[in-house]
**Student:** 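Mind looking over this structure? Questions follow.
Every number for a ligand or one of its atoms is a count from 1 in the order of the listing. Please read these numbers as outputs of a predicted model, since none were measured by experiment.
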Amino acid sequence: MLFLKQIRAHGFKSFAELTVLDFTHEMVGIVGPNGSGKSNITDAIRWALGEQSSKSLRGAGLDDVVFSGSANLPPQETAEVTLVFDNSTNVFQKWATPLVEITRRFNKKTRDSDFYINNERVKLKEIQDLALETGLTKSSIAIISQGTISKFAEAKPDERREIFDEAAGVAKYKRRKREAQTKLIKAMENYHRANDLTLEIEKRLPNLERQAHKARLAEAKKTELQQFEKSILTLDVQSYQKRIGEIMEFLPNIETEVRQLTNDLQQSETELNELLKDNSLSGNTISNLNQDFQKLVEKISDLKIQKTAAEEHENQQKQNNSFANLQADKTQRDFANIKNAQQMETDRIREAKNNFDRLNEQYDAVNNKYQNLRQELEQLQNTEGPLTYRLTQLRNQKVRGFDKSQGYQAIINNQKNLPGVIGSLKDLVSVDEQYQIAISAVIANTLNAIVMRTNADVKASVNFLRTNQLGRVTFLPLDTLTPSTITGSTATMIANQKGFLGFANQIVKIKAEYQIALDYALGTVIVVNEYDDAIQMAQTIQNRFNIVSLTGDRILPRGAIVGGQNKTSNLFQTPRGQESNLVDLENQLANLYEALKIKGQALHETKIARDGLRDEVNECQSRISIGNHQIQQYQKQLQDLNNQYLALTGKSLLGNSSQAQQTLASVRLAKEILKCESQRDDLQNHINKITLAKNKYAERQQELNTANQAKREILNNKRSHLTSAQQELTLIEKDNSAKLAKLQADYGLTLETVLNQKVEGFTDEEKVRERISILIQELRNLGNVNYDSIAEYQTEKERYDYFKQELESLFQGMKNFENIIKSIDQEMETQFKQVVDDVNTVLPEVFQKLFGGGDANLKYTDPDNILETGIEIRVNPPGKKITNINLLSGGEKSLVALSVLFSILKVRPLPLVILDEAEAPLDPANVERFARYVRHFTKDSQFLIVTHREGTMENCDILYGVTMETQGVTKMVKIKLVEAKQLGISEQQVTA
Ligand code: ATP
Ligand code: MG
């Protein structure tokens with residue numbers, strides 16, 4: 001069979017120029033002198049078929065295959081060999097062409113090493129596969145290199161096995177087995193990795209499941225709680241707000257009533273005091289008049305005694321009238337003196353009387369003024385109540401705009417006395433107008449929070465609030481606040497979203513030292529342009545933070561949405577109209593207080609003036625009364641002197657009439673007594689009148705006392721009503737703001753939202769409240785709950801199930817690969833055994849043919865392990881009793897090796913066999929036998945035989961002569977047998 005049709009070599013070893021070898025016969029002899037390049041042909045074939053070992057190509061490295069230059073020729077850069085195979089019998093099943101060309105090229109400079117099949121660039125592996133198909137591989141018998149034939153005979157059984165492996169085509173099974181083993185190892189690694197992971201998850205799963213169960217339980221309770229709690233809190237706050245409204249409605253009225261009653265009572269008391277004073281004055285006057293009355297009575301009795309004495313004296317006088325004249329003179333002088341004094345006193349009384357009239361007039365005028373002033377003051381006082389009530393209402397409305405807590409205002413007002421108070425958040429921040437509504441929507445509850453320097457400072461303010469019952473206030477101590485803000489990649493991600501305007505804590509401005517308070521209040525609030533942006537943003541951040549739009553629509557963490565009309569709208573602006581009303585009212589009240597002050601002052605001054613005038617009137621009165629008394633004294637003295645004089649002279653110093661002079665003292669005394677008695681009666685009348693007036697005062701006093709008593713009772717009632725209303729208000733406001741804070745914190749509701757909410761009442765509210773506290777307690781009992789565990793458990797469980805399945809399929813895969821390896825092993829074993837068995841059947845015959853008798857067979861060194869067993873050759877050369885192959889001669893060893901070679905060729909024919917001086921050690925007879933035997937195989941195989949032996953040359957179909965005409969460059973030509981014999985045997989004899 002003709003298989004290798006052509007070899008083309010260029011730049012390979014000694015083939016400096018392009019050398020083309022065409023093969024046209026099955027048995028080709030190649031002859032030439034030593035070193036001419038014969039073996040280089042074999043090398044070229046093996047190199048082109050992908051030989052990788054430089055050593056087996058008789059070189060030190062790849063560079064050694066490239067022509068290295070000669071005396072005349074420069075070195076080559078590239079080595080190239082092409083083999084042209086006949087594929088008409090389909091040896092190369094993969095290549096459907098009738099000819100298959102294999103090329104290998106190597107460039108020393110570029111280090112490019114390329115393979116081609118039919119001019120198509122291929123990988124080394126494809127070439128190696130192709131070599132496998134031809135059987136032209138390193139370990140096969142297809143290429144028997146120079147000097148290797150005896151090595152086969154001398155080789156160890158294990159090494160020898162390789163040839164049979166090759167003949168059995170085991171190489172491809174081995175490769176498949178290697179691949180299967182690699183896959184098996186990979187599958188095992190995957191299996192172990194998956195198994196480790198599964199075990200790890202399995203360990204964590206029960207705990208995670210427990211946590212998830214707990215979390216689900218807590219979530220259910222929470223949902224139920226939220227359902228009830230929100231409604232109940234809303235109902236409470238609504239009813240509180242209603243009640244607060246009611247109280248605020250009537251509270252100012254009571255306050256006004258209390259104030260008016262108090263004023264009223266005060267006035268009554270004043271009147272009462274004046275009555276008391278008047279009463280006591282009347283008492284004094286009565287007692288003075290009584291004294292006068294007493295004196296008159298005494299005088300009358302004196303006069304009566306004098307009259308009796310005068311009558312006696314007149315009787316005596318008549319008897320005794322001697323020294324009387326002297327005495328009469330003296331009496332007359334005394335009389336004149338006293339008369340003078342009396343005249344002076346009379347003048348003084350007149351003057352006092354004039355004064356009295358004038359003062360009385362003045363008193364009346366001033367008293368009138370006083371009464372008028374009092375009335376005016378009362379009127380002013382009556383207008384104060386309604387004004388104050390209106391002012392309180394307006395102020396409440398203003399305060400209610402952001403906080404009902406009077407505590408916040410009280411703290412700010414007392415800032416100087418309380419340590420560490422910096423101010424309310426509202427007073428510290430500034431907000432651009434465009435953001436005011438958005439910020440109002442999210443900060444309402446904390447806007448009135450008080451920023452404090454330290455945590456320690458808070459205590460004093462809290463005590464202040466508690467002591468004064470001023471409700472609750474939120475404090476933000478700068479040293480202990482731990483605000484949470486959005487930072488890092490999350491912040492960047494949020495900032496890149498559509499409609500993003502900023503983070504609230506950065507949009508609102510505050511002094512750097514207070515920034516932490518702002519971060520606390522607004523650190524996790526995102527401000528966006530409009531509602532749709534807010535919704536989009538909430539989805540992106542999975543509802544983790546607060547979002548608010550410019551119109552104040554809000555999305556709370558966990559997804560609640562607060563939107564729609566907002567009544568408070570802008571907390572940073574106070575409504576204009578109300579503000580000006582408030583200012584007007586405050587001005588009116590200030591004016592009123594000023595007027596009240598002025599009127600009060602005037603009233604006070606008028607009262608002092610009036611009281612002064614009254615004192616002066618009284619003094620005049622007593623002056624007149626004392627003067628009158630003095631006049632009476634003088635009159636009495638004059639009367640006495642006149643009586644004396646009358647008694648001495650019988651003439652009267654009083655009057656002028658002689659009739660009077662003649663009037664007797666007793667007569668005059670009788671007249672005098674009559675006059676005094678009339679005076680006494682007048683006095684009595686006067687006393688009666690004053691007493692009557694005094695009684696009237698007492699009656700009025702009594703009346704006032706009773707009235708005041710009743711007023712005091714009413715006042716006390718009102719006061720206690722006021723106190724209880726104030727207390728109720730404080731309590732409700734405290735509860736209200738606590739519940740509102742909870743609604744804000746847990747449900748994100750503002751006061752407006754709560755008030756506008758329509759809540760269905762519960763049929764059994766008590767039960768609902770009971771349920772709420774049970775749920776709160778149950779949630780508390782659950783302790784720490786890991787809500788993420790629900791999703792975590794789900795994921796881990798899915799992973800677990802997945803790995804379980806994966807493990808199963810990996811296990812199946814491993815099993816599969818193991819089975820494949822097992823079946824490959826079986827196949828290898830079968831094939832190997834088959835080859836050895838087949839060779840054993842033909843070996844004896846081949847052996848006998850080459851040796852001319854004897855026997856040989858193959859034996860396994862380890863028959864139980866066919867896959868690894870070595871192959872031993874048992875020989876029985878004719879006429880010899882030797883079984884150990886090593887004891888044979890060199891020629892015999894070669895014959896044994898050739899016997900095995902031919903036996904293999906018999907049972908597993910190869911398309912091409914190259915023999916490089918394989919028969920060299922044989923004697924001529926054996927060479928002859930060898931050469932003729934080769935002929936038997938030329939039907940199935942092509943032979944290239946490098947030889948120096950004549951016997952071989954004679955049996956070849958054609959001979960090639962190899963020479964080096966040019967030193968160092970191989971040249972080949974077809975030659976005749978005669979030439980060959982000369983060329984092969986003696987170089988010296990070669991001719992051109
Ligand atoms: P023998 O009959 O002794 O076996 P041979 O004909 O088989 O001889 P080869 O072994 O084929 O001879 O050729 C060896 C010759 O090839 C050497 O003389 C060497 O000079 C030449 N040779 C080997 N490699 C190169 C190379 N890279 N460049 C040039 N010449 C080379
Ligand atoms: Mg050689």
Side-chain angles (χ1 to χ4, degrees), residues 7-21 28-49 51 53-81 83 104-109 111 113 143-151 890 894 913-922 927 943-953 956 959-975 979-990 992:
I7 300 175
R8 295 196 296 269
H10 187 188
F12 181 84
K13 285 202 169 181
S14 55
F15 300 103
E17 289 152 0
L18 175 64
T19 308
V20 181
L21 270 177
V28 178
I30 296 169
V31 295
N34 294 131
S36 58
K38 300 184 296 293
S39 296
N40 286 347
I41 298 171
T42 322
D43 290 344
I45 294 170
R46 293 195 358 208
W47 187 69
L49 286 171
E51 176 60 64
S53 158
S54 294
K55 206 174 141 201
S56 63
L57 294 169
R58 302 179 297 149
L62 200 47
D63 289 1
D64 286 343
V65 303
V66 186
F67 177 67
S68 59
S70 67
N72 305 323
L73 287 173
Q76 290 273 15
E77 225 175 64
T78 310
E80 182 176 326
V81 174
L83 307 177
R104 181 174 186 178
R105 190 185 299 137
F106 171 69
N107 187 300
K108 228 166 40 170
K109 254 197 188 153
R111 313 305 297 169
S113 171
I143 302 173
I144 306 291
S145 301
Q146 195 171 359
T148 56
I149 192 75
S150 54
K151 268 188 204 156
S894 295
V913 179
I914 300 161
L915 301 170
D916 194 345
E917 295 190 43
E919 83 287 33
L922 305 183
V927 169
F943 285 88
L944 296 185
I945 305 172
V946 177
T947 186
H948 287 292
R949 306 299 297 272
E950 279 187 35
T952 310
M953 294 178 200
C956 284
L959 294 167
Y960 282 93
V962 182
T963 59
M964 276 193 171
E965 276 172 32
T966 317
Q967 194 61 40
V969 178
T970 299
K971 199 177 173 205
M972 293 184 73
V973 284
K974 279 183 197 163
I975 53 169
E979 295 166 330
K981 280 182 182 173
Q982 284 177 349
L983 196 63
I985 296 157
S986 165
E987 197 180 350
Q988 280 75 29
Q989 294 167 353
V990 171

**Student:** Do H948 and E917 touch side chain to side chain, with heavy atoms closer than 4.5 Å?
**Tutor:** yes
**Student:** Would atom 8 (O) of ligand 1 count as contacted, meaning some protein heavy atom under 4.0 Å?
**Tutor:** yes
**Student:** Is the Mg ion (ligand 2) less than 2.8 Å from an N/O/S atom of N34, whether that atom is in the backbone or a side chain?
**Tutor:** no
**Student:** Under 4.0 Å from any heavy atom of E917, which atoms of ligand 1 are there?
**Tutor:** 2 (O), 4 (O)
**Student:** Scan the protein's non-hydrogen atoms and note whether one is under 4.0 Å from atom 26 (C) of ligand 1.
**Tutor:** yes
**Student:** Would you mind running through ligand 1 and noting each atom that sits below 4.0 Å from a heavy atom of P33?
**Tutor:** 6 (O)
**Student:** Taking the side chain as C-beta and beyond, is there a heavy-atom pair between D43 and F12 under 4.5 Å?
**Tutor:** yes
**Student:** Can you tell me the protein heavy atom closest to atom 1 (P) of ligand 1 and the distance?
**Tutor:** N34 ND2, 3.3 Å
**Student:** What's the verdict on side chain to side chain contact (heavy atoms under 4.5 Å, CB included) for L915 and V946, showing C-alpha distance, side-chain angles and the deciding distance?
**Tutor:** CA-CA 6 Å; L915 301 170; V946 177; over 6 Å; no
**Student:** Any atoms of ligand 1 less than 4.0 Å from a non-hydrogen atom of D64? List them with their elements.
**Tutor:** 27 (N)
**Student:** Step by step, work out the side-chain hydrogen bond (donor to acceptor under 3.5 Å, both in side chains) result for N40 and S14.
**Tutor:** CA-CA 7 Å; N40 286 347; S14 55; 2.7 Å; yes
**Student:** At less than 4.0 angstrom from any non-hydrogen atom of F67, what atoms of ligand 1 do you find?
**Tutor:** 28 (N), 29 (C)
**Student:** Give the residue and atom name of whichever protein heavy atom lies nearest to atom 20 (O) of ligand 1, and the separation in Å to one decimal.
**Tutor:** M964 CE, 5.0 Å
**Student:** Under 4.0 Å, counting heavy atoms only: does S36 come that close to any atom of ligand 1?
**Tutor:** yes
**Student:** Would a distance-only check, ignoring hydrogens and angles, find a side-chain to backbone donor-acceptor pair under 3.5 Å from S70 to L73?
**Tutor:** yes
**Student:** What protein heavy atom sits nearest atom 16 (O) of ligand 1, and how far off is it?
**Tutor:** N40 ND2, 3.1 Å
**Student:** Is the shortest distance from a Lys or Arg side-chain nitrogen in E919 or R949 to a carboxylate oxygen in the other one below 4.0 Å?
**Tutor:** no
**Student:** Rounded to the nearest 0.5 Å, how far does CD1 of I914 lie from OG of S39?
**Tutor:** 11.0 Å
**Student:** Can you name the closest pair of heavy atoms from F67 and P74 and give their distance?
**Tutor:** CE2-O, 3.5 Å
**Student:** Got a salt bridge between K109 and E77, using NZ or NE/NH1/NH2 to carboxylate O under 4.0 Å?
**Tutor:** yes
**Student:** Under the side chain to side chain contact (heavy atoms under 4.5 Å, CB included) test against V31, which residue among T963, I975, T952, I945 passes?
**Tutor:** I975
**Student:** To the closest 0.5 Å, what do you measure between CG (L21) and NZ (K974)?
**Tutor:** 10.0 Å
**Student:** Polar-atom distance check: G35 versus ligand 1, any N or O pair below 3.5 Å?
**Tutor:** yes
**Student:** With a 4.0 Å cut-off on heavy atoms, does D916 reach ligand 1?
**Tutor:** no
**Student:** List ligand 1 atoms under 4.0 Å from V66, heavy atoms only on the residue side.
**Tutor:** 27 (N)
**Student:** Starting from atom 6 (O) of ligand 1, find the nearest protein heavy-atom neighbour and note its residue, name and distance.
**Tutor:** K38 NZ, 2.7 Å
**Student:** Under 4.0 Å from any heavy atom of Q146, which atoms of ligand 1 are there?
**Tutor:** 4 (O)
**Student:** Provide the number and element of each atom of ligand 1 under 4.0 Å from a heavy atom of H948.
**Tutor:** 2 (O)
**Student:** What protein heavy atom is closest to atom 10 (O) of ligand 1, reported as residue, atom name and distance in Å?
**Tutor:** R58 NH1, 2.9 Å
